[in-house]
Chemist: 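Below you will find the structure I want to go over with you.
Residue numbering restarts at 1 for every chain, and letters A, B, ... go by the order of the sequence lines.
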Protein chains: 2
Amino acid sequence: MSSGAISAATVGRLPAYLRSLVELAAADTSTVSSDHLAERVGVNSATVRRDLASLGITGTRGVGYDVKYLVFEISVELGLNQEWPVAVVGAGNLGRALTNYTGLAERGFPIRLLLDNDPAKVGTTVSGVEVHPVGHLAALVRELSVAVGVIATPAEAAQEVADALVAAGVTSILNFTAHPVAVPGHVVVRRVDLATELQILSFYQQRGLASSTGVGVPLETS
Amino acid sequence: MSSGAISAATVGRLPAYLRSLVELAAADTSTVSSDHLAERVGVNSATVRRDLASLGITGTRGVGYDVKYLVFEISVELGLNQEWPVAVVGAGNLGRALTNYTGLAERGFPIRLLLDNDPAKVGTTVSGVEVHPVGHLAALVRELSVAVGVIATPAEAAQEVADALVAAGVTSILNFTAHPVAVPGHVVVRRVDLATELQILSFYQQRGLASSTGVGVPLETS
DNA sequence: TAGATTGTTAATCGATTAACAATC
DNA sequence: TAGATTGTTAATCGATTAACAATC
């Protein structure tokens with residue numbers, strides 16, 4: 001496990017490390033210790049050193065890690081040095097909100113394609129992205145080299161949309177519906193279910209478990 | 001730990017159990033085994049029995065669990081037998097998408113309050129919810145008995161909004177910005193960061209790790 | 001050299017799972 | 001009674017953390 005095997009927990013922490021490091025780089029801090037980084041991200045310093053070592057990232061004993069080097073390496077690991085064109089299926093409020101959200105393009109996920117079956121929506125434009133019929137999905141995904149598909153349709157359509165995305169060759173899917181989707185093993189799906197997030201919050205509220213769960217400092221989603 | 005202590009992992013699985021059970025109830029299945037439920041949710045049957053036992057839910061040996069009883073008990077645990085009025089801070093695309101999303105009200109989280117500092121937005125209405133100035137937050141939260149606050153503002157405002165929500169007595173917060181917020185120990189925060197979700201997807205894509213991570217069957221967010 | 005900090009081993013912790021006696 | 005399935009113990013697994021030799 002010392003090299004090559006990267007746990008899901010490690011992957012989940014990488015974006016947090018990166019955010020913290022980018023702030024340090026902006027503040028012209030050239031070097032950072034695992035202790036310092038750990039404190040900012042809210043984990044143990046041994047965990048930071050282990051996470052970085054598992055990516056093959058090394059520091060200097062007595063000194064720490066070079067911030068610029070860390071930022072570069074983690075960015076490479078997360079694929080942030082390249083663009084991942086995104087297709088959003090469903091041009092309802094959520095689909096339009098995602099398309100309008102400039103933060104995604106800034107972080108390398110430009111939304112290039114918006115699909116919907118509603119004839120009233122087809123042909124309209126959201127933040128410069130034209131809405132196309134879902135029937136054109138396969139052709140457009142290939143034409144635009146779409147790397148990530150987002151399911152922002154009603155829950156009933158989730159599986160059907162996932163199937164269409166997979167058939168078109170998309171291997172990364174973000175599912176915003178309440179309905180889990182089944183996909184072949186080479187495809188990665190993550191699900192963001194708003195009602196589930198709220199239900200988990202209300203569970204803690206109900207139980208008065210906030211402080212006993214070590215929350216307070218935010219409980220991360222991943 | 002056998003009783004009273006409920007792990008975060010267990011809490012995260014409850015909504016999935018409930019979804020599956022509701023389908024069974026609709027199909028008039030009166031009883032379910034831990035084995036059957038485990039298969040539907042994608043966990044081990046011992047985990048199901050342990051999760052349920054930790055909530056004080058018992059089944060019948062040789063028979064299984066009564067579906068209606070399970071649905072009721074888990075609903076109570078998740079607080080679904082009551083309403084949790086929600087306040088959304090930020091009436092941008094995301095805030096409006098959330099307010100328009102009927103799935104939340106259906107699952108007990110009606111959005112009762114929408115706040116924004118933009119004078120052009122104040123006074124407008126989204127799905128019947130009027131936009132109020134953020135300065136009125138404390139008074140309106142009390143008046144409407146808001147239980148959950150949602151931060152849907154630009155990242156820079158996240159901490160300020162969290163502070164205002166906490167000061168107004170809100171103890172459950174869902175944060176949609178990329179910025180983690182610090183809150184007192186009695187407050188529960190969950191964060192949903194879209195760019196982070198996409199970055200994790202692209203990491204797996206980059207590495208070709210999909211099948212080796214046991215994804216395929218969806219990797220849940222929680 | 002003295003102080004700091006990494007890289008890694010061994011200990012710990014917590015969660016998952018196999019296994020099975022209890023019992024419907 | 002025979003078959004099924006729970007409730008729970010003990011084993012396993014994986015991830016976190018303490019500790020410390022290596023070394024800048």
Side-chain angles (χ1 to χ4, degrees), chain A residues 1-14 16-17 21 24 29-67 69-70 73-74 209 212-215 217 219-220 222, chain B residues 1-14 16-17 21 24 29-67 69-70 73-74 209 212-215 217 219-220 222:
Chain A
M1 171 161 300
S2 65
S3 125
I6 293 158
S7 74
T10 295
V11 178
R13 280 188 293 265
L14 294 182
Y17 291 151
L21 288 164
L24 290 172
T29 308
S30 67
T31 234
V32 64
S33 68
S34 57
D35 227 23
H36 185 66
L37 197 46
E39 195 180 351
R40 291 178 135 246
V41 173
V43 299
N44 183 282
S45 70
T47 298
V48 172
R49 294 196 294 279
R50 176 148 294 206
D51 285 346
L52 298 179
S54 78
L55 295 170
I57 295 175
T58 57
T60 307
R61 289 169 206 240
V63 178
Y65 299 85
D66 183 80
V67 172
Y69 164 69
L70 266 190
E73 287 296 332
I74 295 180
L209 286 179
S212 69
T213 53
V215 192
V217 176
L219 184 88
E220 293 296 332
S222 77
Chain B
M1 171 160 301
S2 64
S3 124
I6 293 159
S7 74
T10 295
V11 177
R13 280 188 294 264
L14 294 182
Y17 291 152
L21 289 164
L24 290 172
T29 307
S30 67
T31 232
V32 64
S33 69
S34 57
D35 228 23
H36 185 66
L37 197 46
E39 195 181 350
R40 291 178 136 246
V41 173
V43 300
N44 183 283
S45 69
T47 298
V48 172
R49 295 196 295 279
R50 175 148 294 201
D51 284 347
L52 298 179
S54 78
L55 295 168
I57 295 174
T58 58
T60 307
R61 287 168 207 242
V63 178
Y65 298 86
D66 183 80
V67 171
Y69 163 70
L70 266 190
E73 287 296 332
I74 295 180
L209 286 179
S212 70
T213 53
V215 193
V217 177
L219 184 88
E220 294 294 332
S222 75

Chemist: Does the side chain of S33(B) get closer than 4.0 angstrom to OP1 or OP2 of dT5(D) through an N or O atom?
Modeler: no
Chemist: Between L37(A) (CG) and dG7(C) (P), how many Å, whole number?
Modeler: 13 Å
Chemist: Roughly, in whole Å, what's the span from NE2 in H36(B) to P in dT5(D)?
Modeler: 11 Å
Chemist: Could you tell me how far apart D35(B) (CG) and dG7(D) (P) are, to the nearest whole angstrom?
Modeler: 14 Å
Chemist: Do the side chains of L70(A) and L37(A) get nearer than 4.5 Å, heavy atoms only?
Modeler: yes
Chemist: List the residues meeting side-chain contact (heavy atoms from CB on, under 4.5 Å) with S7(A), not counting sequence neighbours, and say none if there are none.
Modeler: A9(A), T10(A)
Chemist: Checking all strands, does S45(A) fall into the base, sugar-phosphate, or nothing category for heavy-atom contacts under 4.0 angstrom?
Modeler: nothing
Chemist: Got a sec, which pairs hit salt bridge (charged side-chain N to carboxylate O under 4.0 Å, His left out) with one end in residues 53-63 of chain A, sequence neighbours left out?
Modeler: none
Chemist: With the sugar-phosphate defined as primed atoms, P, OP1 and OP2, and the base as all remaining atoms, what B/S/- string results for nucleotides 17-24 of chain D, 5' to 3', for protein heavy atoms under 4.0 Å?
Modeler: BBB--BBB
Chemist: Going through the checks in order, is the side chain to side chain contact (heavy atoms under 4.5 Å, CB included) test met by Y17(A) and V43(A)?
Modeler: CA-CA 10 Å; Y17(A) 291 151; V43(A) 299; 4.1 Å; yes
Chemist: Apply side chain to side chain contact (heavy atoms under 4.5 Å, CB included) to residues T31(A) and T60(A) and explain how you reach the verdict.
Modeler: CA-CA 10 Å; T31(A) 234; T60(A) 307; over 6 Å; no
Chemist: To the nearest Å, give me how far apart CD (E39(B)) and C1' (dT5(D)) are.
Modeler: 16 Å
Chemist: Which residue pairs pass the salt bridge (charged side-chain N to carboxylate O under 4.0 Å, His left out) test when at least one of the two sits in residues 40-52 of chain B, sequence neighbours left out?
Modeler: R13(B)-D51(B), E23(B)-R40(B)
Chemist: Roughly how many Å is it from CG in D66(A) to C1' in dT6(C), rounded to a whole number?
Modeler: 15 Å
Chemist: Taking side-chain contact (heavy atoms from CB on, under 4.5 Å) as the definition, give me every residue that meets it alongside T29(B), ordered by chain and number, with sequence neighbours left out.
Modeler: L24(B), A27(B)
Chemist: Closest heavy-atom contact between S45(B) and D35(B)?
Modeler: CB-OD1, 3.4 Å
Chemist: Are L14(B) and L55(B) close enough, and set up right, to give a side chain to side chain contact (heavy atoms under 4.5 Å, CB included), and what steps lead you there?
Modeler: CA-CA 10 Å; L14(B) 294 182; L55(B) 295 168; 3.5 Å; yes
Chemist: Is any side-chain nitrogen or oxygen of Y65(A) closer than 4.0 Å to OP1 or OP2 of dG7(C)?
Modeler: yes
Chemist: Just the dot-bracket of DNA chain C, please: which string comes out with Watson-Crick or G-U pairs under 3.5 Å, [ ] for crossing, | for another strand?
Modeler: ..||||||||||||||||||||||
